2 protein chains.
Amino acid sequence: MTEVSIGEAARHSGVKVPTIRYYEQIGLLPALSRTDGNRRLYAASDLRRLGFIRHARELGFDIEAIRTLLTLQDDTSQSCASANAIAKARLTDVDLHIRSLTALKAELARMVEGCRHGRIAECRVIEVLADHGECAEPHH
Amino acid sequence: MTEVSIGEAARHSGVKVPTIRYYEQIGLLPALSRTDGNRRLYAASDLRRLGFIRHARELGFDIEAIRTLLTLQDDTSQSCASANAIAKARLTDVDLHIRSLTALKAELARMVEGCRHGRIAECRVIEVLADHGECAEPHH
DNA sequence: CTTGCTCCTCTAGCGGCTAGAGATAGTAAC
DNA sequence: GTTACTATCTCTAGCCGCTAGAGGAGCAAG
């Protein structure tokens, strides 16, 4: 058993030490074995689980989704329909988010380009912010 | 002076009542005049300020940026360089965000497409999450 | 045996709201 | 005048996903 300390686990997984403890606290990681001196010990399976969590977080899944994905992972005989549904939902979210940010970007770009670098009184940035009606697309 | 209630202000601006109170509390809105019965009264200028805040929030500016933009708006003789810098910074942020979400989207799409709708044991979704090495682009 | 690092637990804070309790004000109908 | 109803008031606590800091204990090297 080559079990490692929380610091090692953090370096290995790229998840910060307090965050690892937090994951344990909210039950994403199981209760761990400890040394005599009460330090946490991480086995290979714990590190894998941590990697899974990290990757899922990077992909923007929220904690609840990850909790579900982890239980799915634990029972490999189940249908993967739920896992797929969760991933699809996330994909839709991301897509929507990209769309709305793209509209935002256009708006911001128009604002910035319109600025003549003069006084506030005739600044497009302030002006546009003050009057939503000036927006090209009012749907945000 | 046609001053309106907080409910009216909310309907007019699209900002929820508790949020309006919150903005006052953190000093984005000035202390307001009140009725004898201690209800807040919103004048046209307050409504304009509220609209400005809402629009800026929709464009994703954080509260501190909005605070600055508001003080800039109040002094129309100043140079608009700072306003422009804030807007540009936000534009850069949005752009970065879009880029990273687009990479994410590709990753998610690959995951979802790879799923054969079978058992968890051979599910691409779970598999990819468990092994970051399978990602096309490892930079997230 | 001391120095210096890692680790422990605990509580509080971040942003930007949102939700709820319990009290008061205002309005409309009877 | 009373009742019923809604809107508003203040205050505190909660949301997510951490992050920061206090105050203490374990442990390896010199």
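Each chain gets a letter, A, B and so on, in the order the sequences are listed, and its residues count up from 1. Side-chain atoms are counted along with the backbone in the values below, which use heavy atoms only and exclude waters and symmetry mates. All of these numbers come straight from a predicted model, not from anything done at the bench.
Applying the side-chain contact (heavy atoms from CB on, under 4.5 Å) criterion to B/Glu127, with sequence neighbours excluded, gives B/Arg124, B/Glu134. Residues satisfying the salt bridge (charged side-chain N to carboxylate O under 4.0 Å, His left out) test with B/Arg67, not counting sequence neighbours, are B/Glu64. Residues meeting the salt bridge (charged side-chain N to carboxylate O under 4.0 Å, His left out) test with B/Glu24, sequence neighbours left out: B/Arg34, B/Arg40. Partners of B/Arg11 under the salt bridge (charged side-chain N to carboxylate O under 4.0 Å, His left out) rule, at least two apart in sequence or in another chain, are B/Glu8. Annotation: salt bridge (charged side-chain N to carboxylate O under 4.0 Å, His left out) contacts of A/Asp131 (sequence neighbours excluded): none.
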How does protein contact run along nucleotides 5-22 of chain D, one letter per nucleotide 5' to 3', with B for base contact, S for sugar-phosphate only, - for none, heavy atoms under 4.0 Å?
--BBSB------BBS---
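In the helix from C/dC1-D/dG30 to C/dC30-D/dG1, the terminal helix axes, each the rotation mapping four pairs' C1' atoms onto the next four within five end pairs, subtend 20°, rounded to 10°.
Rounded to whole angstrom, the span from the CD atom of B/Glu24 across to the C1' atom of C/dC17 amounts to 16 Å.
In the hydrophobic cluster analysis, where Ile, Leu, Val, Met, Phe, Trp and Tyr join through side-chain heavy atoms closer than 4.5 angstrom, B/Leu28 is grouped together with B/Leu50.
Applying the ring-ring contact (aromatic ring centres under 6.0 Å, His included) test to residues at least two apart or on different chains, none of the pairs has a partner in residues 58-90 of chain A. Applying the ring-ring contact (aromatic ring centres under 6.0 Å, His included) definition to pairs two or more places apart or across chains, those involving residues 84-123 of chain B are A/His97-B/His97.
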